[in-house]
Amino acid sequence: MAATATHERQGEYNRPPIPRSHFHRCLTFAPYYKNTENMALPMQAVSEWYAEVVERAGLAEHSPIRGCMTIKPYGWALWENIQRPLDEAFKATGHTNAYFPLFIPLSFLAREAAHVEGFAQECAVVTHYRIKTDPVTKSVAPDPEAELEEPLVVRPTSETIIWNTFKNWIRSYRDLPLLINQWANVVRWEKRPRLFLRTTEFLWQEGHTAHATAEEALAEARRMLDLYADFIQNYLAIPVVKGRKTPHERFAGAVETFTVETLLIDGKALQAGTSHFLGQNFAKAFEVRFLNAKNELEYVWATSWGVSTRLIGAVILSHGDEKGLILPPRIAPIQGVIVPIWRNEAEEKQVVEAAYRLADSLKKAGFRLHVDADPQHRPGWKFNEWEMKGVPLRLVLGPREVAEGTVEVAWRHTGEKRTLSLEAAIEAFPKWLETIQTELFQRAYQRIKASTFTVDSYDEMRTILEEKGGFILAHWDGNTETEIAIKEETGATIRCIPLEGSQEPGRCIYTGRPSVQRVLFARAY
RNA sequence: CGAGGCGUAGCGCAGCCCGGUAGCGCACCUGCUUUGGGAGCAGGGGGUCAGCGGUUCAAAUCCGCUCGCCUCGACCA
């Protein structure tokens, strides 16, 4: 239907489809309604759309604590479906899981100069270990007599506590490589939080590895970058650009930061994952040395890498439309929802039974099905609800279908509806999911391709950024001052120096000085 | 941290200008009819009007302060 056509029209990546179906009362999707002129959407419109989708699809809600979200059951199920294949992939590549403390002594954080400087602005600090009720005012407050000797930082990331531990785990080259991952929550006191995309507390995995040589550590960082790119593209159906960060954008304490960047439907870029080659910075800060085969003491080489609940934000802002969420089948908590329709008790019994039979046969084949036989809501309500929640396929069974031995199938991402025999539907179901997965990726790929601009003049770059956003491939002279100047004037940052694609030299778009290759600019989250 | 906006029922809002019994829609409860794209009718429950202080016979409404939230910037996975 219209959604597909609009989505696939090139050059309109930043214009989510205008409404064709009208919503009632509480369901507004303000941005789409405001967009009746089909003008480029203001960022704010997408902002409101995003907040509404997250809430109405039941993914998460704001908690009483500023910047911290409550992840609701449906959102958590989505996160589990992201975690599971990632965890399996880490294990398949030789990593093992462990868990390190939430609290980091202030002195640990201070050991690596660049690291502490990078995180200083956003650390939550625990200073007391007891609270006390004032006998007079009855107000409860930290007990001034129970102040910690050394404040504890709530981990913004775990390099320091982990390297302090690795020191005890590593003696010789035979202990290497050490390949550890942990699933954890971290806290970064963000100025401007947004559900999933930037929350004060967020969930992630952080891999930390130790190696005998620089080459091996670098290869590990690259290997995990590739793993992230494969996962995000194959499971989340989100195309990414792999690249290196500039020194200015590099992780605090890293020698080299690799990144996977994507472009969202509002034309803004998002860093979807990072992988760092840490050199010997943390080994030196925490005195982690090993004896090599020649009985010489050497500092170990390190990597760290992570992806977070931000990926859920990326999914929402890569595939969603005016009806709400669209989830890629591989991570969808519900891959197919079965809606039975009836007019009387006899029919109810018949269609609900048929619905569960259909669900069971698909569940046996390993798929995630849900039967919505809730008598509280009518079919129309359910259709809208499950579309909002992004379920890839809807299977409708009414008296008609049961009598004919058929089922009506509706595709969430295209709006297409077809009625076919039950047997044919059961047989084709797996193939449909694969097709949807592929089409979502292709659709996103076309969108990003259509909004990636190769630009040779600064004016042109500014115009594109103002009018539509998107990725801009342009030459840069490699200087941080140039990078900062461009950011201040346009709001765009260098998202990465792409690892793949053309390497042809040129002249810096800003200074005219020589450039080795084009870099990727964008306004970003 | 800067700039805007908003705090009234679970949610969305009106009432405030011009002080005088706290309202509407959705949701919720009961009953009946309904069920193929967000059902209808009837009845019902639910409020320290964000908090504190001031003015007044009387404050959701006027004045002051505080707190919280959202959006937009600077900062960041």
Side-chain angles (χ1 to χ4, degrees), chain A residues 1 20-28 30 42-48 50-52 55-56 61-67 118-123 156-157 185-206 228 245 249-252 257 259-261 269-276 304-314 323-324 339-345 347-348 351-352 372-388 394 396-402 407-408 410 415 417 419 487-488 491 493 523-525:
Chain A
M1 282 172 71
R20 62 178 136 54
S21 61
H22 66 284
F23 284 81
H24 311 280
R25 291 181 285 270
C26 47
L27 186 56
T28 57
M43 303 274 188
Q44 189 173 343
V46 176
S47 233
E48 286 170 18
Y50 178 80
E52 187 164 3
E55 191 194 324
R56 295 191 57 80
E61 62 189 31
H62 292 280
S63 72
I65 301 93
R66 183 191 148 74
F119 286 102
Q121 299 305 310
E122 45 187 354
C123 284
T157 179
N185 57 342
V186 288
V187 166
R188 297 180 187 176
W189 217 262
E190 299 293 346
K191 300 281 195 285
R192 201 157 95 69
R194 299 190 56 174
L195 293 171
F196 290 116
L197 292 172
R198 193 186 305 99
T199 45
T200 299
E201 177 192 21
F202 59 95
L203 306 182
W204 74 349
Q205 57 70 217
E206 44 180 325
Y228 284 154
K245 284 291 188 186
E249 295 275 334
R250 205 175 271 159
F251 173 75
T257 288
T259 177
V260 279
E261 298 283 331
L270 184 82
Q271 178 172 320
T274 53
S275 181
H276 314 292
S304 68
W305 26 274
V307 294
S308 71
T309 34
R310 169 179 269 192
L311 288 178
I312 293 176
K323 288 182 159 190
V339 179
I341 297 176
W342 63 86
R343 281 170 305 201
N344 53 52
E345 272 184 42
E347 283 181 357
E348 175 179 0
V351 295
V352 170
D372 186 357
D374 185 353
Q376 300 303 312
H377 295 295
R378 293 155 56 122
W381 192 93
K382 294 175 185 177
F383 295 171
N384 287 298
E385 184 68 10
W386 293 111
E387 281 163 0
M388 166 79 64
R394 181 181 71 229
V396 173
L397 281 174
R400 220 156 54 210
E401 285 78 9
V402 172
V407 61
E408 184 197 77
K417 277 193 228 179
T419 299
K487 183 183 176 182
E488 278 173 4
T493 51
R523 286 183 180 159
Y525 273 96

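Residue numbers start from 1 in every chain, and the chains themselves are labelled A, B, ... in the order their sequence lines are given, proteins ahead of strands.
- At most 12 heavy atoms of other shown residues, nucleotides or ligands fall within 6.0 angstrom of atom CH2 in A:Trp189.
- In this entry B:G43 has B:C29 as its Watson-Crick or G-U wobble partner, both defining distances falling under 3.5 Å.
- Here A:Gly398 lies in heavy-atom contact (under 4.0 Å) with a base.
- Residue A:Pro399 places its side chain closer to B:G36 than to any other of B:A77, B:G36, B:G37.
- Side-chain N/O atoms of A:Arg198 and base N/O atoms of B:C76 include a donor-acceptor pair closer than 3.5 Å.
- Closest to the A:Lys323 side chain, of the nucleotides B:G37, B:G36, B:G38, is B:G37.
- Electrostatic pairing of A:Glu347 and A:Arg400 does not count as a salt bridge here, judged by no charged N lying under 4.0 Å from a carboxylate O.
- Relative to the six-membered ring of A:Phe383, A:Arg394 meets both conditions, a distance below 6.0 Å and an angle of at most 45° to the axis.
- Phosphate contact (OP1/OP2 of B:G73, side-chain N/O of A:Arg192, threshold under 4.0 Å): present.
- Ring pair A:Trp305/A:Tyr228 is perpendicular by interplanar angle, where above 60° counts as perpendicular and below 30° as parallel.
- Between A:Trp381 and A:His377, the ring-plane angle classifies as parallel under the 30° and 60° cut-offs.
- Base pairing annotation: B:U56 forms no Watson-Crick or G-U wobble pair, as no partner gives both donor-acceptor distances under 3.5 Å.
- The partner of B:A14 is absent, by the rule that a Watson-Crick or G-U pair needs both atom distances under 3.5 Å.
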What are the atom names and distances for every N/O pair under 3.5 Å that joins the protein to nucleotides 31-35 of chain B?
unit_1	atom_1	unit_2	atom_2	d
B:U35	O2'	A:Trp342	O	2.9

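- Residue A:Lys382 places no side-chain atom within donor-acceptor reach of the base of B:G36, judged by atom type and a 3.5 Å distance cut-off alone.
- The P atoms of B:G15 and B:G36 are separated by 37 Å, rounded to the nearest whole Å.
- Side-chain proximity of A:Arg310 to the nucleotides B:G37, B:G38, B:A77 is greatest for B:A77.
- Between A:Lys487 and B:C75 there is a side-chain N or O to OP1 or OP2 distance below 4.0 Å.
- We find the CE-CZ distance between A:Met388 and A:Arg56 to be 4.5 Å, quoted to the nearest 0.5 Å.
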